[in-house]
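Data first, discussion second: the structure below is written as structure tokens.
Quick caveat, the model's predicted, so the values are computed rather than measured. As the structure lists them, so they are numbered: ligands from 1, and atoms in each ligand from 1.
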Amino acid sequence: MELPSREEILAALRREVAELENFENSTVGPAGPGPLAGAPADAAEKSSPDFPTDSPCQASSAALPGEDKKKRWDCLRDRVLGCPVCNSHVSAGKRVVFGVGNLNADIFFCGEAPGAEEEIAGEPFVGPSGKLLNEFIGAMGLKRSQVYISNILNWRPEAPKGQNNRPPTRKEMDFCLPYLRAQVEIVQPKVIVTLGNSAIHGFLDPSDNRPMYDLRREWHSWSGVPLRATYHPSHLLRNRPAPSQPDKLKRQVWEDLLLVMERVQLPISPEQRDYFR
Ligand code: URA
């Protein structure tokens, strides 16, 4: 019997590897956050001045290799975690934060920017706001691993002395938007849900300065994807009513999420309709 050539063996192995990769779970993220900032390798990049106006590091998903979602997402994630501008805003020992979740998710949550816990973990929404977001996701009958979660900004905005957090600037959001667009293009969700003022204003035309009160009343569209705006979980945490009082803000967010559930055709039980009253 004739033995296969070295090339034939290599080709067969390559086919096996490709097949194995196709079987990989499409949930991505938490395992393996990005590198810590401040390592010698990025010392030179730290001096990166301001925001370049051209498209950052070819964020466009059209420029990403291959047709496989996971490979394109991996490549985009590597670009973001290695982005010199993003890294120039991260202090030593902290991380640039990229999106996590299911690459086939129907629902794409987008927050504002990583907070203190997130820049340590390298994952969006892992602190108190994340716990509340998880509660809403669970109420929808979903697991966190069934949705995709990202932020408008890939780094925690440096706050003025004495302040804990500050909202991202328009310039910062405009710089990161191509990275977000590429994530949306890879995941192809049925709905984007923006959390908080910064997130919705980052998506909308800068001339649209309507308050959240108005913006959450209608469906918007971004890159052809239906988009619903709601309050940020941290806004709910800061405005919690007395324990004996109903949490009206929480109910409002829930009503927004019920509309999202209807849009993506998730089943809604009568009990679910009544949650958080
Ligand atoms: N707030 C956000 O907007 N995003 C996070 O990832 C955490 C808190």
(request) For the residue pair Arg228 and Thr194, confirm or rule out a side-chain donor-acceptor distance under 3.5 Å. (result) no
(request) Could you point out which residue of Arg216, Arg210, Arg217 forms a side chain to side chain donor-acceptor pair (under 3.5 Å) with Tyr213? (result) Arg217
(message) Side chain or backbone, does Pro114 bring an N or O within less than 3.5 Å of an N or O on ligand 1?
(response) no
(request) Indicate yes or no: does an N/O atom of Phe125 lie under 3.5 Å from an N/O atom of ligand 1? (result) yes
(request) Say whether Ala113 and ligand 1 are in contact under the criterion: heavy-atom distance to a ligand atom below 4.0 Å. (result) yes
(request) Step through it carefully: locate the ring centre of Phe108, locate the ring centre of Trp222, and say whether they are under 6.0 Å apart. (result) no
(request) Can you measure from CG (Leu257) to CG (Leu133) and round to the nearest 0.5 angstrom? (result) 8.5 Å
(message) I need the atoms of ligand 1 closer than 4.0 Å to a non-hydrogen atom of Gly111, numbered in the order shown.
(response) 3 (O)
(request) Could you establish whether His232 and ligand 1 come within less than 4.0 Å of each other, counting only heavy atoms on the residue side? (result) yes
(message) Salt bridge or not between Glu118 and Lys94? Use side-chain N to carboxylate O under 4.0 Å.
(response) no
(message) Counting non-hydrogen protein atoms only, what is the nearest one to atom 4 (N) of ligand 1? Give residue, atom name and distance.
(response) Asn151 OD1, 2.8 Å
(message) For Glu118, which part has a heavy atom under 4.0 Å from ligand 1: side chain, backbone, both, or neither?
(response) side chain
(message) Within ligand 1, which atoms have a heavy atom of Pro124 less than 4.0 Å away?
(response) 6 (O)
(message) Need the ligand 1 atom indices (1-based, order shown) with element for anything under 4.0 Å from a heavy-atom of Glu112.
(response) 2 (C), 3 (O)
(request) State whether the shortest distance between N or O atoms of Ser129 and N or O atoms of ligand 1 falls below 3.5 angstrom. (result) no
(request) Taking the six-membered ring for Trp and the full ring for Phe, Tyr or His, determine whether the centres of Phe175 and His89 are under 6.0 Å apart. (result) no
(request) Without swapping roles, check the side chain of Lys69 against the backbone of Ile186 for a donor-acceptor pair under 3.5 Å. (result) yes
